[in-house]
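In what follows, every chain begins at residue 1, and chains take the letters A, B, ... in the order their sequences are listed.
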There are 2 protein chains.
Amino acid sequence: MERLAEILKAKKLKVTPQRLAIYKVLYETTAHPTADVIYNALKATHPTMSLATVYKTLDALKKADLVHELSIGDESARYDANMKSHPHMVCLHCNKVYDLHTSTLDDAINNLQSETDFEILSTKIYFYGICSGCKTATLS
Amino acid sequence: MERLAEILKAKKLKVTPQRLAIYKVLYETTAHPTADVIYNALKATHPTMSLATVYKTLDALKKADLVHELSIGDESARYDANMKSHPHMVCLHCNKVYDLHTSTLDDAINNLQSETDFEILSTKIYFYGICSGCKTATLS
DNA sequence: ATGGATGCAAAGTGTTTGCAGCCAG
DNA sequence: CTGGCTGCAAACACTTTGCATCCAT
């Protein structure tokens with residue numbers, strides 16, 4: 001977790017045990033947890049942790065460009081420490097959120113930009129459907 | 001607005017003045033208003049209209065597949081009566097939301113589907129940036 | 001006539017804020 | 001030492017719900 005502390009420092013964020021813990025949870029998962037999930041995951045090891053601190057920390061990380069916030073449907077916000085901008089696939093059956101690392105869309109988006117004279121600074125792309133795991137499971 | 005009443009009837013929704021009014025607002029704009037904006041737009045002509053009714057009606061329309069709900073950033077939900085699935089461009093400067101009617105992305109999304117073995121049922125695609133109007137205005 | 005819709009107020013949810021005490025730098 | 005962080009509780013904004021009344025069918 002040395003590395004994480006370095007990253008925080010580089011962003012001029014004070015390194016506190018809470019911040020390290022929260023960032024670590026996000027850094028080590030691809031499950032895109034909500035603030036509440038993070039809070040509950042840390043309660044055991046950090047009994048004094050408060051939900052407000054989780055929110056404040058996520059906000060700080062967001063502003064420092066260390067995490068992305070995902071807004072998927074009505075649910076509460078989910079967070080992703082993978083900063084490479086990428087589309088997400090939301091399985092409507094198991095509710096998992098998959099990262100999609102592909103360049104399949106890149107060309108099309110570039111074309112769009114010139115077609116529309118709109119300067120695209122960031123994207124939020126969500127695909128909703130059924131993941132391959134659930135498709136197989138549903139057959140039974 | 002005969003036509004709108006027909007559409008509601010076809011969806012087995014009772015046709016009330018409130019529903020017609022709310023649907024009409026959405027049907028005749030591309031501004032993607034929030035529930036609150038719709039409510040305020042109708043207060044003058046429908047003094048007894050309540051915000052709860054707007055929400056309930058939007059919910060009914062959503063369930064009847066007559067409107068889409070957009071979740072853009074932190075703001076409250078915005079609504080779109082244009083049911084043809086399409087990406088949205090959000091101008092970070094003037095905060096307007098533009099509909100994007102193009103097939104530029106279609107092929108790429110189809111490819112994605114086969115690449116990933118994920119069955120895509122719907123998409124939510126938002127581009128954030130600066131619209132051409134604001135780009136020009138910013139030059140001055 | 002009757003089941004669903006309205007509209008008020010109250011409750012709910014996720015998130016944010018105020019502030020006193022605390023700790024990293 | 002000092003400004004920023006924590007953590008509690010209270011406040012907040014948006015949305016939903018309960019319920020008595022009303023109205024479209």
### Task
Return the orientation label for the A:H88 and A:H86 ring planes: parallel under 30°, perpendicular over 60°, tilted otherwise.
tilted
### Message
Looking at B:D59 and B:K62, is there a salt bridge between them, counting it only when a charged N and a carboxylate O are closer than 4.0 Å?
### Response
yes
### Query
A:I22 CD1 to D:dC5 P: how many Å, rounded?
12 Å
#### Entry: Shared hydrophobic cluster, A:V90 / A:F127 (ILVMFWY, side-chain heavy atoms < 4.5 Å)
no
### Message
Output the rounded distance in Å from NZ (A:K11) to P (D:dG4).
### Response
19 Å
### Query
What is the distance from CE of A:M49 to P of D:dC8, rounded to the nearest Å?
11 Å
### Message
Test your reading of the model: is there a side-chain donor-acceptor pair from A:T102 to the backbone of A:T104, 3.5 Å cut-off?
### Response
yes
Could you list, one pair per line, each protein nitrogen or oxygen that sits under 3.5 Å from a nitrogen or oxygen of nucleotides 20-23 of chain D, together with the distance?
none

### Task
Please check if the side chain of B:T29 supplies one atom and the backbone of B:V25 the other of a donor-acceptor pair under 3.5 Å.
no
### Query
Whole-Å distance between D:dG7 C1' and A:Q18 CD?
9 Å
### Gap between atoms CG and P, on A:L20 and D:dC5 respectively (whole Å)
13 Å
### Query
Are a donor atom and an acceptor atom from the side chains of B:D107 and B:N111 found within less than 3.5 Å of each other?
no
### Query
Quick check: are there more than 12 heavy atoms from other residues, nucleotides or ligands sitting under 6.0 Å from OH of A:Y128?
yes
#### Entry: Side-chain heavy-atom pair A:Y39, A:T53 within 4.5 angstrom cut-off
no
### Message
Reading DNA chain C in the 5' to 3' direction, which nucleotide is the first one with an atom under 4.0 Å from a heavy atom of chain B, and which is the last?
### Response
C:dG3 to C:dA9
#### Entry: B:A77 vs B:V15, nearer the 5' end of DNA chain D by closest nucleotide
B:A77
### Query
Taking side chain as C-beta onward, heavy atoms only, is B:R78 less than 4.5 Å from B:V37?
no
#### Entry: Salt-bridge present (A:K11, A:D65; N to O < 4.0 Å)
no
### Query
In residues 50-63 of chain A, which ones come under 4.0 Å of DNA chain C, going by heavy atoms?
A:A52, A:Y55, A:K56
### Query
Under a 4.5 Å cut-off applied to non-hydrogen side-chain atoms, are B:T34 and B:Y79 in contact?
no
